[in-house]
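Have a look at the structure below before the remarks.
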Amino acid sequence: MTAVDEPQSYSGTRKGEPDKTIEEVWAQPTGLRWWSSVSHRVVGKRFIYTGFAFFIIAGFLALLVRTQLIVPGNTFLDNETYNQVFTMHGTLMMFLFAIPILEGFAVYLIPMMLGARDLIFPRLGQFGYYCYLFGGIIVLSSFLFDAAPDGGWFMYVPLTTNAFTPGVSADFWLIGITFAEIASVTAAVELIVAILCARAPGMSLTKMPIFAWYILITAFMIAIGFPPLIIGSILLEANRLLGLPFFDPTVGGDPLLWQHLFWLFGHPEVYIIFLPAAGMVATILPTFVGKPLFGYGFVVAAVISMGFISFGLWAHHMFTTGLPILSLSLFSAASTMVAVPTGVQIFAFIATLAQGRPRMTTPMLFVMGFLFIFVLGGLTGVMLASVPFNWQAHDSYFVVAHLHYVLIGGMVFPLFAAFYYWAPHITGRMMSERLGKWVFWLMFIGFNATFFLMHVTGLRGMPRRIATYPEGIGWDRLNLLSTLGSYILAAGVALFIFDFIRHLRHGERAGRDPWRAGTMEWLYPTVAIGFNFHAIPPVETREPLWNNPNMLGKNAEDVEGVMRKMHDGRRETIGCDPVSGSPVQIVRLPHPTFTPMFTAFALAVAFAATIASAYFVAIAGIVAGLLGFTIWAWEPSDSGVTRDAGMGYVLPVNMIEKRSHMHIATVGTMLVLYALLGSLIFALLYLWNVYPNFAAQTAQPNLLWTGLSMLAGLVLLILAMINRRVAVADKIGLATVMNLAVILASIACTACLALAIQRTDPWGTALGATMWATLGFVALNLFITLYWALFNAARKVTGRVGAGQSLPDFNLATYAKGTAVMVLITGGLFLAATLGGLS
Amino acid sequence: MTALGRQVWGLTIPAVAWAAHFIAIYALISAACAPRGLIDIPLMFGLGIVATVLFGIAALWPTIRPPKGAALTGAIRVGGLIFAVAILFDVLPLIFSSGCGG
Amino acid sequence: MSDRDRNSGLLGTVFAILSGVIVSLAVGVWALGTPGNDPVGAAAVTAGTFMEGKFRWLRAEPENVPQDWVEISKTVRGGDPQRGATLIAQYGCGSCHVVPGVARAHGTVGPDLSGFRDRAYIGGVLSNEPGDLVDWLMNPTTHAPDTAMPDLGVTETDARHMASYLYTLRGS
Amino acid sequence: MGSTLDQFGSQTTFADAGIGAARTVWLTNSMSIISLVILAFVMLVALFAWRSTGGGRVWWIIGGGIVFPLITLSVLTVASATTLRSITGEAQPEAPVIEITAYQYWWDVVHHSEGRSLRDANEIVLPLNMAVTLQLKSNDVIHSFWVPSVSGKMDMIPGRINELTITATKEGRFRGQCAEFCGLSHPLMAFEVLVLPVEEYAAYLESLDEDARDAVTPQQRRGKEVFLTSGCTACHAVNGVSENGRLGPDLSRVGARASLGAGMWRMNRGNLAGWIADVGDMKPGAQMPSYNDLSGPDLRAVAAWLESLK
């Protein structure tokens, strides 16, 4: 192999088309094929627009809620409709608006800010979007079947079990939301890898725009925070479909287990929503001050500590459930601590203001609105961390006020700032400053009128989630004013929509870098080319547009950088070292395809069919989905060649080593899977700890089979290690044999684990059911290992993989190792149960 | 490992120390105060203090001796401090209460 | 920007802030007051009465309006509609009847009392006249022994107030 | 204009009718004021920063973001821990026990006194200035017990018994409400708390132990007969008349309560009749069927008899 191969000499489904220009290679598909686009710009915009549509729907539901509460004893909505409306309001806002729209902004902005031509897994982006869209449609469609979920967005058991919510309304929620969450988790993994592995040459972690740090931490939080809810939802759905008694106290289940799992997700969720929005603020603020963010390092430290500490306060949503006072004090103390990193960020923003003469633009107005509202929301949050106060305020309108201050102040106001700030980037035209100021003041006044009074309403004893209230106990006028305020807020949003539609045709055309920002997404004239960079410029500072006179001094396409001279006729971008940002590889990116869309659709059919109890259709959907994934991954590898990227960088394509983007993605996926396993283990230990007498009734695992399963796990681990060495050594035949050995070991692991707990009755006790659930999860991973090994073997046997292309085996080895450790952990737990006894 | 890599670790170690400490304290309280009553109060107290000292030092270590390199030293100091204080706060309830209470 | 523009801009800002503060204070005081305690409303009424006195000349006096005999025939002597609404709520009429304007009065046991003024009969047995209505409210069972409507022990004064409220309910 | 529920008083937390509420009020007030002061301070700093071009200072971040919060939070933690201890410290092992079980959507109340279990429903009578242990349970879904004027809330969770010690320090009636979303009629699940001096409380307990008041008038006797023959006894108990119904609230002294339908309507004959004839309208999702097959006079008779049970 020569150092620099000829373009034609690599294999791949898509032979390079070197005769095409870079514009032609990156051309967006048109017509019906538009739907097959995988570009981060298209997918990001779709996330943003779809998220905004859900915002409008959920906002409309909020207006229904406020209208119902305008007077005591109102009959505008009956109780059932009201319950559906407030449930869907919360659900849509939290799951289908806040997180997806922020991820949309991240998907749209991150590659451009970091100097990549596209997001690192474009097809995964498309898959995530369609999962989100179909999941959202499933949830919304419940209105058509008159089966909208009505158990609250928190879905507390036992209210949402079959006994108290017969029918399919809860299934719509559980299945639709779980499906939409897949989108969030895939986007999270993709963003982690995109930020770590695809940055401009020289952009070390400390040179990244602060937005990328915020998104990086958020993505990690999603990867760890969503799994508890996914597990919770699956357990509850298994309870509803199969009658497994995870939450039934009569057989050792516990309704509080659901609350723990839900809030283990639900509390970090708030910060998952807040952090990207704060990242937007930290991006917008320096632009209008004209100086870099003050205290970059402090903010990074604060974001990291926020990301961690926010996982330690889930139980402050459970202060009234009768937990031991000692637990309450722990969570109370942990809750107050989150004020510190928040304070650091707020004061870093304020210190940035002091650096220069801020320009008062519409985005700045929204940023200032954020500062006011969010600080107050944070302060009431600290109040709620006080246990005795919480006992009074919990589940009252005080909490409603608090959470809207935090979420609308901490997320919606920055989001509107972001709309005004990045609108020229997306549409090429400026939104109206004049209307924008009206939008701001309407929203600001309307918001405070609506929610400030709710603090008082709550402390006057009005509980949340009540469809009606009696007259004359001090809530009438407060509610009336809150409702009027909500109409003003809605008017502001309506005016924004008008402005947005107006500006598409009549807005002033935006010039290049219209706000005089310093980050790289503004390098090209607005509505830039689809591949972001003709050449990826080396980056020395955090605000390259301010500090590098080359950038705005030249035409954007003439800015010097790597990859200018590469004309392989493939979509490709530069891959970097995660820490230092120095280029280490060239990443070949896929072209437009319908496969991810088809896969998402097949899974959507499977999920929807499960709601409709059409299980054969569901199985067909799952099989089709698996087929989709297989086709998706079937194309030959691009590894094994080396190319000259210019500027002295001669780099391998899709390199095979630990820093490969594929490998980091595999590790990221393992992180998600371990969070899922961790949630199940939490459930096991929790039930065992809380109901000793029911634990004693659960049959102990069989010692022999448990031992054998651990042995099989160990074998799998060793085989995986060998498989990696063989892959690195590039021995194709031996690797095929190792694949088959991994398959056998996976089967052995599954069988031994199942035989170990064969006497445990999943319907007998909740602990038994959870043991089977854990087994099911590990078995699923073993099945994926098996399928992947089979897939790799098949590709090698059919000659799709050539020399130097063992990346799939390299990654499989990592996955198999992770699975083997899962088997060892599970086996260890079973062993402990056998030896120590469950009693 | 590069200097910058070590600095990134310097940011992460206190965070992980805090997480381990939090899980330890939560597990100890759960073990002592749940119906099973796996351990008694004095043992919970003792183990809690041990964990605090251990993880507290781990969290403060990068603050006291930041890894070489200038890029993130300030952030490492602040981060370590925040997490050390958070560890202290998390153990306060253990110190100031006589039992599980309520 | 000229000095003059700047001055008017400053004035505008000060005015906006001042009026914002005043409006918020007034609204806040009103919102926090209990139903019986309404200093802002009282102040508004006082101010309104005062202004009305000053600007009475603006209102043209009606001339030679013909007597509305229906109006007079549906007037209950000594009845205060507002007091009546409260009493209707207190006696629990709303658990059986829809009574517009009374909170939580949406019962479906008895007839809907919307547009009561235009009804011809009461309980299907008495004609809809003030005297009969007051009597019916006090003793429905004397007039219709098989009715499901209980004698609620309504006093005559209370019945007059309630009747006068019911006659404010006009058909659409 | 008076209100139909003003006799219960409002259900505000700004009250001193119980130790839990009274000791939290100062915390509420001081934390609210401090919050607003901090907000104003931060805004002023921001305004100052906006107008200055001197550049940020690291000590702003250290001072405003770390030192100041730490001081405030330490004070808050101490204040709230002290308050918490002073509230939970009221618990006494020998305090009278009241067992409250939540159903969708009403409350079953059992007073444990001198070995007797005395049942009532939807109205909780408490002795003045005496610590009482409430044992909170649930029969179906999660509910939450909350009397804002007396004490903070505590959830009622199936499979668990949560204990809440409360001490009422003011005579009178207070309104409480279910604070955890529990289904269709969650907004209609309230109750009353009646605080009586200790002697009157003892008398109240005795009255729970006695048979219900006898039917006197012909209409009341007719009502009792209809009650016994229409299937009401399958769910409702009335001391000395029929004591096996346990699915619905105990009605032995229903007429003595100030409210009907778990704290939602004034107790009178009109509301009783409306309730019996059409429960589904007054409380959607309630287990009780609507008795609209009773003749008019029978309906009136049952209502009259129930109203007389005091």
Side-chain angles (χ1 to χ4, degrees), chain A residues 78-80 83 152 156 158-159 164 249 254-256 294-295 298 320-322 325 329 333 336 339-340 343-344 346-348 350-358 371-372 375-376 379-380 382-383 386-389 391-392 394-396 459-461 463 465-474, chain D residues 3 5-6 10-14 24 27-28 31 35 38-39 42-43 45-46 49-50 52-58 60-61 64-66 69-70 73 76-77 80-81 83-84 87-88 140-142 144 148 152-155 157-160 162 175 177 179-187 284:
Chain A
D78 57 28
N79 287 7
E80 190 186 356
N83 293 347
Y156 274 8
L159 183 62
F164 301 101
D254 192 352
L256 283 191
F294 186 83
F298 290 100
T320 63
T321 54
I325 300 286
S329 310
T336 55
V340 172
V344 168
I346 295 291
F347 277 92
I350 290 177
T352 307
L353 274 181
Q355 305 245 79
R357 283 231 169 270
L371 212 58
F372 178 88
V375 167
L376 187 52
L379 289 166
T380 51
V382 172
M383 291 171 74
S386 157
V387 177
F389 177 74
W391 281 351
Q392 282 286 21
H394 178 72
D395 268 341
S396 78
L459 291 176
R460 283 191 173 182
R465 299 163 188 143
I466 56 173
T468 175
Y469 53 93
E471 63 283 6
I473 50 180
Chain D
S3 110
L5 283 157
D6 53 6
S10 57
Q11 65 181 47
T12 173
T13 66
F14 297 111
T24 311
L27 204 60
T28 307
M31 286 198 302
S35 293
I38 295 177
L39 174 71
V42 174
M43 287 299 117
V45 174
W50 185 284
S52 92
T53 46
R57 298 274 183 278
V58 171
W60 290 15
I61 299 181
I66 301 181
L70 279 182
L73 294 177
L76 169 72
T77 309
S80 106
T83 310
L84 180 65
I87 293 171
T88 53
D140 34 50
V141 303
I142 300 177
S144 190
K153 63 180 73 61
M154 181 66 80
D155 290 356
I157 299 166
R160 285 173 182 252
N162 278 338
R175 192 170 188 271
Q177 191 162 3
E180 182 61 81
F181 179 64
C182 61
L184 203 54
S185 275
H186 167 58

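FYI, side chains are in, hydrogens and waters are out, and symmetry mates aren't considered; it's all heavy atoms of this structure. Reminder, nothing fancy here: chain letters follow the sequence lines and each chain counts from 1.
- What you find for Pro148(D) and Gly461(A) is that their closest heavy atoms are CG-CA, 4.1 Å.
- Atom CG of Leu459(A) and atom OG1 of Thr13(D) lie 4.5 Å apart (nearest 0.5 Å).
- At a 4.5 Å heavy-atom cutoff, the contact between Phe372(A) and chain D is made by backbone and side-chain atoms alike.
- Interface residue Tyr156(A): only side-chain heavy atoms are found under 4.5 Å from chain D.
- A search for side chain to side chain contact (heavy atoms under 4.5 Å, CB included) contacts involving Arg357(A) returns Thr53(D), not counting sequence neighbours.
- If you tally non-hydrogen atom pairs under 4.5 Å between each of Ala351(A), Gly356(A), Ala467(A) and chain D, the highest count goes to Ala351(A).
- Interface remark: Asp254(A) contributes side-chain atoms only to the contact with chain D (heavy atom separation under 4.5 Å).
- Residues Glu80(A) and Pro284(D) fail the side-chain proximity criterion, which asks for heavy atoms closer than 4.5 Å.
- Residues Asn79(A) and Ser185(D) are in side-chain contact: their nearest non-hydrogen atoms beyond the backbone lie under 4.5 Å apart.
- If you measure heavy-atom distances from Ile157(D) to chain A, the contacts under 4.5 Å come from the side chain alone.
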- Would you sort out whether Ile473(A) and Arg175(D) count as a side-chain contact (heavy atoms from CB on, under 4.5 Å), showing the intermediate values? CA-CA 10 Å; Ile473(A) 50 180; Arg175(D) 192 170 188 271; 3.8 Å; yes
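- With a threshold of 4.5 angstrom between heavy atoms, Leu27(D) approaches chain A through side-chain atoms but not through N, CA, C or O.
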- Task: Could you give me the CA-CA distance, side-chain angles and deciding distance for Ile61(D) and Phe294(A), then say whether side-chain contact (heavy atoms from CB on, under 4.5 Å) is met?
- Result: CA-CA 10 Å; Ile61(D) 299 181; Phe294(A) 186 83; 3.7 Å; yes
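- Both the backbone and the side chain of Pro358(A) have a heavy atom closer than 4.5 Å to some heavy atom of chain D.
- Only the side chain of Met43(D) has a heavy atom closer than 4.5 Å to any heavy atom of chain A.
- Using a 4.5 Å cut-off between heavy atoms, Leu76(D) touches chain A through its side chain atoms alone.
- For chain D, no part of Thr352(A) is nearby; none of its heavy atoms comes within less than 4.5 Å.
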- Message: Test side-chain contact (heavy atoms from CB on, under 4.5 Å) on Leu70(D) and Val340(A); report intermediate values, then the result.
- Response: CA-CA 7 Å; Leu70(D) 279 182; Val340(A) 172; 4.1 Å; yes
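- When all heavy atoms of Ile142(D) and Pro158(A) are compared, the pair lying nearest together is CG1-CD, 3.9 Å.
- Within the 4.5 angstrom heavy-atom criterion, only side-chain atoms of Pro69(D), from C-beta onward, approach chain A.
- When every heavy atom of Leu379(A) is checked against every heavy atom of Leu39(D), the shortest pair comes out as CD1-N, 3.9 Å.
- Defined by atom type and a distance below 3.5 Å, a donor-acceptor pair is missing between the side-chain atoms of Asp155(D) and Thr321(A).
- Once rounded to the nearest 0.5 Å, the distance linking CD of Gln177(D) with OG of Ser396(A) reads 11.5 Å.
- For Ala81(D), no part lies under 4.5 angstrom from a heavy atom of chain A.
- Rounding to the nearest 0.5 Å gives a distance of 6.0 Å between CG of Asn83(A) and CG of Leu184(D).
- Here the closest non-hydrogen pair linking Leu73(D) and Ala339(A) is CD1-CB, 4.1 Å.
- With hydrogens and angles ignored, the 3.5 Å screen pairs a side-chain donor or acceptor of Lys153(D) with a backbone N or O of His394(A).
- Here Thr320(A) is the residue among Thr336(A), Thr320(A), Asp78(A) with the most heavy-atom pairs under 4.5 Å with chain D.
- Interface check for chain A: of the options Ile38(D), Thr28(D), Thr83(D), the most heavy-atom pairs under 4.5 Å are formed by Thr28(D).
- When all heavy atoms of Ile87(D) and Pro388(A) are compared, the closest pair comes out as CD1-CB, 4.0 Å.
- Using a 4.5 Å cut-off between heavy atoms, Leu84(D) touches chain A through backbone and side chain atoms alike.
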- Item | Pair Thr24(D)-Trp391(A), side-chain contact (heavy atoms from CB on, under 4.5 Å): steps then yes or no | CA-CA 9 Å; Thr24(D) 311; Trp391(A) 281 351; over 6 Å; no
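- Side-chain atoms of Asp395(A) do not come within 3.5 Å of backbone N or O of Glu180(D) as any donor-acceptor pair.
- Of the two parts of Ala333(A), neither the backbone nor the side chain holds a non-hydrogen atom closer than 4.5 Å to a non-hydrogen atom of chain D.
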